[in-house]
2 protein chains.
Amino acid sequence: MATIKDVAERAGLSTTLVSRYLNQRSGVSPSSKERIRNAIKELNYRPNGIARSLVLQKTQSIGIVLDNLCAPFAARLISGLEQGAEDFDKENKYNVMFCSSNGDAEKKRRHINFLTQGRVDGIIIYGSLTSDDTLISELAQSTFPFLLIENDVEGIPVDKVVIDNVDGAFRATEHLIKQGHKRIAHMAGNMNLKITLERMNGYIRALQDYQIPISSDLIIHPSFDSMELAVKDDRYLRGDRSYYSAGYREMKKLIDGGNLPDAIFFATDISAFGAMQALEEAGLSVPDDISIVGFDDEDPRDYGATNHKITTMRQPLYDLGYIGIKRLIQKVNNPERPEERIVLKTDLIVRDSCKSKK
Amino acid sequence: MATIKDVAERAGLSTTLVSRYLNQRSGVSPSSKERIRNAIKELNYRPNGIARSLVLQKTQSIGIVLDNLCAPFAARLISGLEQGAEDFDKENKYNVMFCSSNGDAEKKRRHINFLTQGRVDGIIIYGSLTSDDTLISELAQSTFPFLLIENDVEGIPVDKVVIDNVDGAFRATEHLIKQGHKRIAHMAGNMNLKITLERMNGYIRALQDYQIPISSDLIIHPSFDSMELAVKDDRYLRGDRSYYSAGYREMKKLIDGGNLPDAIFFATDISAFGAMQALEEAGLSVPDDISIVGFDDEDPRDYGATNHKITTMRQPLYDLGYIGIKRLIQKVNNPERPEERIVLKTDLIVRDSCKSKK
DNA sequence: TCCCTTTCCGAAAGCGCTGCCAAACATTTA
DNA sequence: TAAATGTTTGGCAGCGCTTTCGGAAAGGGA
């Protein structure tokens, strides 16, 4: 591969001049320009961005690492990220690069390590790492600019943008309460996840606020299988179905138990979809026999479910990305700014799965 | 940011030794190791990958640039790429990074330029560039390893893996012929695209082979709007709907014209979905009134269509990615290998949109 | 004791580029 | 004509790392 030196030699000029030409700086005479242009063409020269970045201490790029590029929610998140990068810095455009770990924690680690070794100017990490994520705190010690989305790690000052899960769950439950429901159950998510705790918290607070007694019978803790195969008919089904099966199983138990609650707030739509299948099979109707509110605004079709129109709390994924990358770029350009924790609210999307109780 | 020099100084050793330690080479005594380890921790040192890559002339990463990361087909392609990278080089794992241009040709160009300036060891470009893609030929002149997927540029020796569109269209048409259809129409795609020509070519050859007269009345050239908004209800619809509308319009004309063909072979499923809506609205049935074969195996739900079960030619997208990245990594490790053009066949997926003619 | 391995270590060159600074040249002004 | 100003140009250091190569130290055998 030809280098800037080769070009300079060929053009009979100094590398300084060639560099100036390449970066369209002033101080290059027209005749020199011409000679450099020719030399470049003759040698098929392509500048080495790596070397350039080394001296400039800047790559003009941003890395994003997430678990699953093809996940149902990813599209909206990605759009937000791309658009944010576009809108923020119109002249010095940032190149946004995505790395997908496909649920492999080790791979995610590797990606983060790779990118944070100066390969990009900053990174955004979506979602949590394994429980013992010393990597985040190590990163926080260094000065490398990074930002977390949907990973509300505690104890370390870190830039992050997160969802207000407590508020979302509160409002979801409140929605049910305001429709006159009293026996409101909650089907929790994976208890290893912080968001599960937060959502349960919101549920409990809503009941407390409206002076509805909290019954532990009505709080359901499904057990989750490990991630279920997301491939069907060689067509990639975008979502992990383990929550679906869990919802199905628990709903079945509930139906068999005989004492159905008025309403259920699900920590995630996916479990709700599974539950709805169980209800359907039992000849029960949503919302006539039971009201349901979910969370996440998932697309039932991504989980092979029938097209339920479920009332749900929707995460502002686009905004998560948009705001996140804006903040990161600010950080890149002004490392002194103190860390921020940005909280976004969820939206209540009212569909057909709830009904007022007479 | 601390550098290797700082670490060496702190440890009271040379940078050479620190480098050796970092790369787990022999020739570092246990006591030195200990001191280096401490120095690294104390300084929060992270090695600079950029500098490392500059001297090693290797980044251990691969870049992928495509038009739309969130496109319906992308999931399968991405899976293939990721898996291929994984399977090929188990010890020196490559980091795969994705760049999405969202249909912006200038952005795609920028991404390609960025990555090919030594930022990665090789890139894969999915889909075509603008018609005047001098960029590809420039790249071909250089020694930078790259590979094209689904972009069968001519005249330049380039590594690429492509679909056999002629064969696919031939077999699609043949499928119709063998069911006894005689008046088989073809709805073409965007005539600026080479694949459109190839698919039409396959259609014509099939008719010729089976001695069915070719009638230009039966070859429909829809006009396509520019890319249609792919957002609906703030939920990102994954596909571009312009082909859908075109299919709808043309089918309507055909119905109004009165003289419906026995069958239609569509250059893309998306047009077929649109056409099927028109047929439905006209009270006509597929496959009773007309048989249909499509191409691409698109998911109707990605285009807001009802869930048609269409017989179609499916592209082996996973394989495209899997084989493509394997080939690229080979190229990276052995630049001398001459360019290859790998052709993959499509699969006929029989569903419910065709019926034998009595 | 000497010589020969073996192990550990560091100086220095260099990867391809940019930016500072001074030198060379050209042009204008007094 | 000399001085002052403006425009081009190139030498060189240095970005953070690896690697070569020779030297020092330590251990072993005679």
Side-chain angles (χ1 to χ4, degrees), chain A residues 1-37 39-40 43-60 92 113-121 142-144, chain B residues 1-37 39-40 43-61 92 113-114 116-121 142-144:
Chain A
M1 276 257 192
T3 73
I4 199 175
K5 223 168 143 186
D6 301 324
V7 173
E9 217 156 282
R10 181 90 168 207
L13 297 164
S14 70
T15 61
T16 308
L17 225 26
V18 178
S19 171
R20 273 214 266 280
Y21 169 82
L22 255 20
N23 297 293
Q24 25 222 3
R25 294 222 193 313
S26 61
V28 185
S29 68
S31 77
S32 297
K33 276 186 188 164
E34 179 64 19
R35 290 162 70 186
I36 293 171
R37 209 178 346 236
I40 287 177
L43 294 170
N44 260 301
Y45 169 71
R46 322 206 85 229
N48 184 327
I50 283 293
R52 185 161 201 275
S53 287
L54 180 59
V55 12
L56 259 32
Q57 303 279 34
K58 188 130 182 62
T59 66
Q60 204 60 220
N92 328 314
N113 254 320
F114 179 79
L115 292 171
T116 53
Q117 297 193 350
R119 297 239 119 88
V120 292
D121 294 338
S142 82
T143 62
F144 191 88
Chain B
M1 276 258 192
T3 73
I4 198 173
K5 224 169 143 185
D6 301 323
V7 174
E9 217 157 282
R10 180 91 170 204
L13 296 165
S14 70
T15 62
T16 309
L17 227 21
V18 179
S19 170
R20 274 213 266 278
Y21 169 82
L22 255 20
N23 296 293
Q24 24 223 2
R25 293 224 192 309
S26 60
V28 186
S29 67
S31 76
S32 298
K33 275 187 188 164
E34 180 62 20
R35 292 163 68 186
I36 293 171
R37 211 177 346 236
I40 287 177
L43 295 170
N44 260 301
Y45 169 70
R46 322 205 85 228
N48 183 325
I50 283 294
R52 184 160 201 274
S53 286
L54 180 60
V55 11
L56 259 30
Q57 303 278 32
K58 187 130 182 62
T59 66
Q60 206 59 220
S61 65
N92 327 314
N113 254 320
F114 179 79
T116 54
Q117 297 191 350
R119 298 236 117 89
V120 291
D121 294 338
S142 83
T143 62
F144 191 88

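Reminder, nothing fancy here: chain letters follow the sequence lines and each chain counts from 1. All values below come from the heavy atoms of this structure, side chains included, with hydrogens, waters and symmetry mates left out.
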Measure the [atom1]-[atom2] distance between [X] and [Y] for me, rounded to the nearest 0.5 Å.
| X | Y | atom1 | atom2 | value |
| --- | --- | --- | --- | --- |
| Gln60(B) | Phe114(A) | CD | CZ | 8.5 Å |
| Arg52(A) | Asn23(A) | CZ | CG | 4.5 Å |
| Leu22(A) | Ile36(A) | CG | CD1 | 8.0 Å |
| Lys33(B) | Leu13(B) | NZ | CG | 13.0 Å |
| Leu17(B) | Ser32(B) | CG | OG | 5.0 Å |
| Asp6(B) | Asn44(B) | CG | CG | 12.0 Å |

List the residues meeting side chain to side chain donor-acceptor pair (under 3.5 Å) with [X], not counting sequence neighbours, and say none if there are none.
| X | value |
| --- | --- |
| Gln57(B) | none |
| Ser14(A) | none |
| Arg20(A) | none |
| Lys5(A) | none |

Open item on the list: Please report the end-to-end axis angle for the helix from dT1(C)-dA30(D) to dA30(C)-dT1(D), five pairs per end, rounded to 10 degrees.
Closed with: 60°
Open item on the list: Holding to salt bridge (Lys or Arg N to Asp or Glu O under 4.0 Å), I want the full list of residues that pass it with Lys58(A), two or more places apart in sequence or in another chain.
Closed with: Asp121(A)
Open item on the list: Distance under 4.0 Å to a non-hydrogen atom of chain B counts as contact; along DNA chain D, which nucleotides mark the start and end?
Closed with: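 First and last nucleotides in contact are dG16(D) to dT20(D).
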Open item on the list: Over all strands shown, is Leu17(B) touching base, sugar-phosphate only, or nothing at heavy-atom distances under 4.0 angstrom?
Closed with: sugar-phosphate
TODO: Using a heavy-atom cut-off of under 4.0 Å over every strand shown, decide if Leu56(B) touches base, sugar-phosphate, or nothing.
DONE: sugar-phosphate
Which pair of heavy atoms, one from [X] and one from [Y], lies closest together, and at what distance?
| X | Y | result |
| --- | --- | --- |
| Leu115(A) | Phe144(A) | O-CZ, 3.8 Å |
| Val7(A) | Tyr45(A) | CG2-CG, 3.5 Å |
| Gln117(A) | Asn113(A) | CG-O, 2.9 Å |
| Ile4(B) | Thr15(B) | CD1-O, 3.8 Å |

- [ ] With a 4.0 Å heavy-atom cut-off, tell me which residues in residues 24-32 of chain B come close to DNA chain D, sorted by residue number.
- [x] Arg25(B)
Task: Close residues, residues 3-15 of chain A, relative to DNA chain D [heavy-atom separation under 4.0 Å] - done: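 DNA chain D contact set from residues 3-15 of chain A: Gly12(A), Leu13(A), Ser14(A).
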Open item on the list: Just to be sure I understand the geometry, which residues of residues 43-53 of chain B put a non-hydrogen atom under 4.0 Å away from DNA chain C?
Closed with: none
Task: Outermost DNA chain C nucleotides near chain B [under 4.0 Å, heavy atoms] - done: dC8(C) to dG16(C)
Task: side chain to side chain contact (heavy atoms under 4.5 Å, CB included) involving Ser53(B) - partner list, sequence neighbours excluded - done: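 Side chain to side chain contact (heavy atoms under 4.5 Å, CB included) check on Ser53(B) returns Ile50(A), Arg119(A), Thr59(B).
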